[in-house]
Amino acid sequence: MKALGLIKPNLVAWIEKERPIAGPYDAIIRPIAIAPCSSDVHTAFEGGAEKPSGFVLGHEAVGEVVEVGELVNEFKVGDKVVVPAGTPNWRARGIQEHNFKHAGGPFSGLELSGSRDGVFAELFMVNDADNNLALMPEDISIEDALMTVDMVTTGFSGAELADIKFGDTVCVIGIGPVGLMAVAGAKLRGAARIFAVGTRPDCVTLAKEYGATDIISYKDGNIAKQVLELTSGRGTDATIIAGGNAETFALAVAMTRFGGGNIANINYFTGSDYLPIPTLAFGRGMAGKTIKGDLCEGGRVRIERLLNMIRYGRIQPGKMVTHKFYGFDKLEEAFYLMRDKPKDLIKTVVYIDWNKEK
Ligand code: NAD
Ligand code: ZN
């Protein structure tokens, strides 16, 4: 079968792969729609995690079940399904310690394009199908559903990690699709004031629509200073990092309040071996600020819950899809466009079987 794979660092191209094999709990899926992710771009072009030659990228898909293992009970051939980016092995020992993302070792919950071939293929395998697939609802658009599998769950994971409470002052740094969903998540968790750091006009418009009360631009100077000034020196209750580099990490620590402030990272850092913590802003180690960083929440129930939020009008993530392609052979172009990121691009979707778009 045909797939879009990483030949070597900085080279992604079409390759021939063997058809994937389903174990007893697994399912084989034919993609109906795929979205390339910024993380695929980091992995391929920015010195991200090392992968073997011929490794298939991609972890955002809606598809159709074409085969199920003998122990899969709840899905059958022909079912349309939403596939979470995070597909934990729910039988791993660490699950009993509530370790859903790294239960079998670092990043083990991210199998697709993490530890094995991803969804940029004519067929792909989903482990533990009963616990990792969600039925594609008929009353929800493919675009909305596809955004839940990574963008919504990751942005919302940022809001959860940041432990946002009613009335909080929050800053979201980076308002690509993940940051935009962090803004939406912060609003839904009851934040009062939400600073969004970004400049691209389309992202700024959506950030306001999703709940940002203040827009901050790095073009106006140090963003931590700006946030501190706007909060009379107090800083934020919670800061979510959804874009930027190591320096951004230091700025996030600096803008977050002493005594209980939370810094939540969902960004994928490349290009530096260490993340800096500013000594003074971290109270010489005694500031009472908490720093957390994690992968998105995966699995079936998470996606079913997010789909329900779309159904009842709480979120409209499909609005982030700015560029659409039609046909599996357009995947390469869509992926490279995601890398080159023109100013008006937030998220691309490739419809492989667009008759099934509805
Ligand atoms: P994106 O590239 O579309 O958005 C990032 C935004 O950050 C861009 O708008 C960019 O202009 C902005 N930015 C860059 N440098 C900045 C700086 N110094 N200060 C402020 N803003 C800055 O990416 P995305 O798809 O929104 O994803 C965001 C990050 O989340 C990526 O690193 C991605 O790999 C990562 N990610 C993590 C998970 C996870 O499970 N934790 C899942 C998906 C994506
Ligand atoms: Zn991703």
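Counting starts at 1 for both ligands and their atoms, following the listed order.
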Answer yes or no: is there an ion pair linking R311 with D139, defined by an N-O contact shorter than 4.0 Å? yes
Any idea which of I266, T270, L251 brings a heavy atom closest to atom 41 (N) of ligand 1? I266
Give the numbers and elements of all ligand 1 atoms closer than 4.0 Å to a heavy atom of R200. 9 (O)
Between R193 and T169, do the side chains contain a donor N or O and an acceptor N or O under 3.5 Å apart? no
Check whether any heavy atom of D294 sits under 4.0 Å from an atom of ligand 1. yes
Using the benzene-type ring in the case of Trp, are the ring centres of F120 and W14 under 6.0 Å apart? no
Give a yes/no on ligand 1: does A242 have at least one heavy atom closer than 4.0 angstrom to it? yes
Which angle, to 10 degrees, forms at the Zn ion (ligand 2) with NE2 of H59 on one side and SG of C37 on the other? 110°
In terms of residue, atom name and distance, what is the protein heavy atom nearest to atom 44 (C) of ligand 1? S39 OG, 3.3 Å
A35, A196, G174, P36: member with heavy atom nearest to atom 21 (N) of ligand 1: G174
Atom indices of ligand 1 within 4.0 angstrom of G243 heavy atoms, with elements: 7 (O)
Among non-hydrogen protein atoms, atom 6 (C) of ligand 1 lies closest to G176 N, 3.7 Å
Best match, I216, D150, V149, T153: closest heavy atom to atom 42 (C) of ligand 1: D150
Does the residue P177 have a heavy-atom contact with ligand 1, meaning some pair of atoms that are separated by less than 4.0 Å? yes
Below 4.0 angstrom, N of the basic side chain to O of the carboxylate: do R300 and E304 qualify? yes
Has E60 got an N/O/S atom less than 2.8 Å from the Zn ion (ligand 2)? no
Just checking: C296, one of its N/O/S atoms, less than 2.8 Å away from the Zn ion (ligand 2), yes or no? no
Please report whether atom 14 (C) of ligand 1 has a protein non-hydrogen atom at a separation of less than 4.0 Å. yes
Distance flag for atom 11 (O) of ligand 1, protein heavy atom under 4.0 Å: no
Which residue owns the protein heavy atom closest to atom 23 (O) of ligand 1, what's the atom, and how far is it? S38 OG, 2.9 Å
Check whether the ring centres of Y274 and F249 lie less than 6.0 Å apart, and answer yes or no. no
Any salt bridge linking E67 with R19? Criterion: basic side-chain nitrogen under 4.0 Å from a carboxylate oxygen. yes
List the closest protein heavy-atom neighbour of atom 18 (N) of ligand 1: residue, atom name, distance to the nearest 0.1 Å. T248 OG1, 3.4 Å
Between ligand 1 and V178, is the shortest N or O to N or O distance under 3.5 Å? yes
For A264 and A162, the nearest pair of non-hydrogen atoms, with its separation, is CB-N, 3.6 Å
Sub-4.0 Å heavy-atom approach of K341 to ligand 1: yes
Top protein contact for atom 17 (C) of ligand 1, by heavy-atom distance: G244 CA, 3.8 Å
Counting each atom of ligand 1 from 1 as listed, which ones have a heavy atom of N267 under 4.0 Å away? 29 (C), 30 (O), 31 (C), 32 (O)
Under 6.0 Å between ring centres, would you say that holds for F258 and F282? no
Hey, looking at atom 20 (C) of ligand 1, which of I173, I241, T199, N245 has the closest heavy atom? I173
Ligand 1 contact on E247 by region, counting heavy-atom pairs under 4.0 Å: neither
L295 and ligand 1 - part of the residue with a heavy-atom distance under 4.0 Å: both
By atom name, which N, O or S atom belonging to D150 lies closest to the Zn ion (ligand 2)? OD2
Evaluate the salt bridge (charged side-chain N to carboxylate O under 4.0 Å, His left out) criterion for residues K17 and D117: first the C-alpha distance (whole Å), next the side-chain angles of each, then the deciding distance (0.1 Å), finally the verdict. CA-CA 10 Å; K17 292 284 289 197; D117 284 344; 3.0 Å; yes
